[in-house]
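These numbers come from the heavy atoms of this one structure, side chains and all, not from hydrogens, waters or symmetry mates. Keep in mind that what you see is a predicted model, and the values were worked out from it rather than measured.
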Amino acid sequence: MPGPTRLIPASSRTLLLTFDAFGTLFHPRLPVPEQYAAVAHQFGLSRTTITPDKLESAFRDTFRAQMRQYPNYGRADVLRGQYGGPRQWWEEVIRGSFGRVLSAESGETRSEHPKDNVPDSMVEVLLDRFASSEGYALYDDVLPFFRRMRKLKSAHKWSFDRIIVGVVSNSDDRVPAVLKSLGLTVGDMRADQDQSSMDLPGFEVRSIKKDDAGKQGKDQKDRNLDLDIDMVITSYEAGQEKPHRLIFDVARRQALKVSRPWLTSKTRFRSVHVGDDFKKDYQAARDAGWESYLLARDHSAVHDDGVKEFPDLLKLADKLDIFP
């Protein structure tokens with residue numbers, strides 16, 4: 001008997017379209033120091049001591065110091081069993097930021113930051129806030145872009161045999177939760193570089209029933225059509241941050257996995273990355289052999305005339321020839 005008809009040709013033309021997350025798809029609802037201060041005041045910390053201006057400087061200095069001491073959310077130390085991962089990383093940033101402000105107010109030295117004065121429950125509230133729509137909002141063009149794309153995917157009217165959409169972000173595993181909270185549907189594919197992402201300590205909790213896992217390959221086409229984002233590749237799970245090309249190589253490898261058995265080694269990818277950072281997104285993707293586009297969320301930046309720069313996703317989509 002003849003085998004089943006292939007829905008996607010073995011030498012299919014597939015668009016792999018990835019986006020940066022922060023500053024490209026979503027942004028803080030209010031500046032982070034303002035949100036930190038507002039939560040602190042709810043927990044009884046002094047409004048005159050804890051102000052957005054003071055927290056802005058303290059957060060910036062604490063964040064930079066944390067990145068130097070534990071780059072990429074401490075992944076290297078996590079793999080050695082010596083660190084707790086992103087949750088511990090951000091808890092230390094929160095405590096350190098408030099500790100700097102409280103120390104400056106009390107006249108204590110930097111080595112005597114009163115981090116113990118920061119309520120544990122407040123830290124938990126801030127961690128949860130910045131893993132959801134409470135802390136972040138989508139840019140106005142994001143939902144219209146993905147709604148338009150999903151309709152066309154379902155109608156089979158795009159100019160590719162298949163479209164795989166991903167996020168490639170210098171961030172931790174809170175990104176999928178943020179995207180879901182903001183109304184986007186997100187698949188379960190992650191970086192899984194060297195070690196399964198689900199074995200790395202972090203924020204995300206996923207449970208796939210055995211029956212569902214066995215159906216993944218068979219139902220992949222339907223899942224692709226139902227998803228806004230097929231995969232999320234974070235630097236914490238991939239092992240390197242942009243502009244390192246490894247994170248782009250991991251994204252391409254995972255794109256093959258996300259659509260098996262429809263994609264094969266003969267698949268002809270058009271790999272495109274979109275982001276708001278010239279060095280970490282536009283230039284890094286080009287250096288990795290991808291086509292890249294710069295999303296000019298911040299119009300103050302000036303670039304060479306040859307840079308492919310667009311003001312919003314819908315105008316970009318027209319240039320990509322995604323839509324008829």
Side-chain angles (χ1 to χ4, degrees), residues 20-74 86-139 169-172 174-175 177-178 181-182 203 234-236 241-242 275-281 295-302:
D20 175 50
F22 186 88
T24 296
L25 298 181
F26 59 79
H27 59 89
R29 287 194 176 274
L30 292 171
V32 172
E34 290 187 22
Q35 297 194 57
Y36 271 37
V39 171
H41 299 157
Q42 293 173 6
F43 280 84
L45 274 68
S46 169
R47 290 178 177 271
T48 56
T49 300
I50 303 298
T51 67
D53 288 343
K54 293 176 183 177
L55 277 170
E56 182 176 10
S57 175
F59 177 84
R60 181 179 62 249
D61 293 343
T62 304
F63 183 88
R64 288 175 177 173
Q66 191 78 339
M67 286 296 291
R68 288 193 298 269
Q69 185 173 3
Y70 297 107
N72 201 10
Y73 309 97
R87 193 171 190 90
Q88 179 180 346
W89 199 95
W90 281 110
E91 179 177 343
E92 291 171 354
V93 168
I94 293 169
R95 292 188 182 279
S97 298
F98 283 100
R100 286 174 184 266
V101 174
L102 294 171
S103 294
E105 186 70 15
S106 63
E108 297 180 5
T109 64
R110 288 184 60 184
S111 62
E112 297 171 332
H113 288 164
K115 299 177 183 178
D116 293 340
N117 294 337
V118 180
D120 292 343
S121 54
M122 187 188 81
V123 174
E124 291 298 317
V125 166
L126 284 170
L127 289 172
D128 291 341
R129 183 185 190 94
F130 287 98
S132 73
S133 59
E134 189 176 7
Y136 295 108
L138 292 176
Y139 287 98
S169 172
N170 284 355
S171 54
D172 60 66
R174 277 186 296 183
V175 172
V178 171
S181 180
L182 292 170
F203 289 93
T234 67
S235 59
Y236 173 61
E241 297 179 317
K242 297 174 292 184
D276 68 311
D277 189 288
F278 178 77
K279 180 179 179 181
K280 295 178 181 179
D281 290 307
L295 196 58
R297 298 293 192 195
D298 180 3
H299 296 280
S300 64
V302 178

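Here the shortest heavy-atom pairing between Ala40 and Met122 reads CA-SD, 3.5 Å. Taking all atoms of both residues into account, the shortest heavy-atom contact from Gln35 to Arg129 is OE1-NE, 2.6 Å. Among all heavy-atom pairs drawn from Glu241 and Ser235, the shortest one is CG-CB, 3.5 Å. Annotation for Ala65 and Arg100: closest pair CB-NH2, 4.3 Å, computed over non-hydrogen atoms. Closest non-hydrogen pair, Ala137 versus Leu182, comes out as CA-CD2, 3.9 Å.
How far CD1 of Ile94 is from OG1 of Thr62: 11.0 Å, rounded to the nearest 0.5 Å. How far OH of Tyr36 is from OG of Ser97: 5.5 Å, rounded to the nearest 0.5 Å. Between the CZ atom of Arg174 and the CZ atom of Arg87 there is a distance of 8.5 Å, given to the nearest 0.5 Å. Between the CD atom in Gln66 and the CG atom in Asp61 there is a gap of 13.0 Å [rounded to 0.5 Å]. Within the model, atoms CG of Leu55 and OG1 of Thr49 stand 10.5 Å from one another, a figure rounded to the nearest 0.5 Å. Interatomic distance, NZ of Lys54 versus OG1 of Thr48, reported as 6.5 Å (0.5 Å rounding).
Thr24 places no side-chain N or O within donor-acceptor distance of the main-chain N or O of Gly275, the cut-off being under 3.5 Å. A distance-only check finds no donor-acceptor pair linking the side chain of Arg29 to the backbone of Gly135 [under 3.5 Å].
In this structure, Phe130 and Val32 have side chains that are in contact, with non-hydrogen atoms separated by less than 4.5 Å. Within the 4.5 Å cutoff, side-chain heavy atoms of Trp89 are placed close to those of Met67. At a threshold of 4.5 Å between non-hydrogen side-chain atoms, the residues Arg95 and Asp120 count as touching. Residues Phe22 and Ser171 fail the side-chain proximity criterion, which asks for heavy atoms closer than 4.5 Å. In this structure, Thr234 and Tyr73 have side chains that are not in contact, with every pair of non-hydrogen atoms separated by 4.5 Å or more. Contact annotation: the side chain of Asn72 never approaches that of Asn170 to less than 4.5 Å [non-hydrogen atoms, C-beta and beyond]. Contact annotation: the side chain of Leu295 never approaches that of Tyr139 to less than 4.5 Å [non-hydrogen atoms, C-beta and beyond]. Residues Leu45 and Pro119 meet the side-chain proximity criterion, which asks for heavy atoms closer than 4.5 Å.
Between Arg297 and Asp277, no side-chain nitrogen of the basic residue sits less than 4.0 Å from a carboxylate oxygen of the acidic one, so the salt-bridge criterion is not met.
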### Query
Should Asp20 and Lys280 be marked as a salt bridge (Lys or Arg N to Asp or Glu O under 4.0 Å) after you check the CA-CA gap, both sets of side-chain angles, and the distance that decides it?
CA-CA 9 Å; Asp20 175 50; Lys280 295 178 181 179; over 6 Å; no

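Between Trp90 and Phe63, the ring-plane angle classifies as tilted under the 30° and 60° cut-offs.
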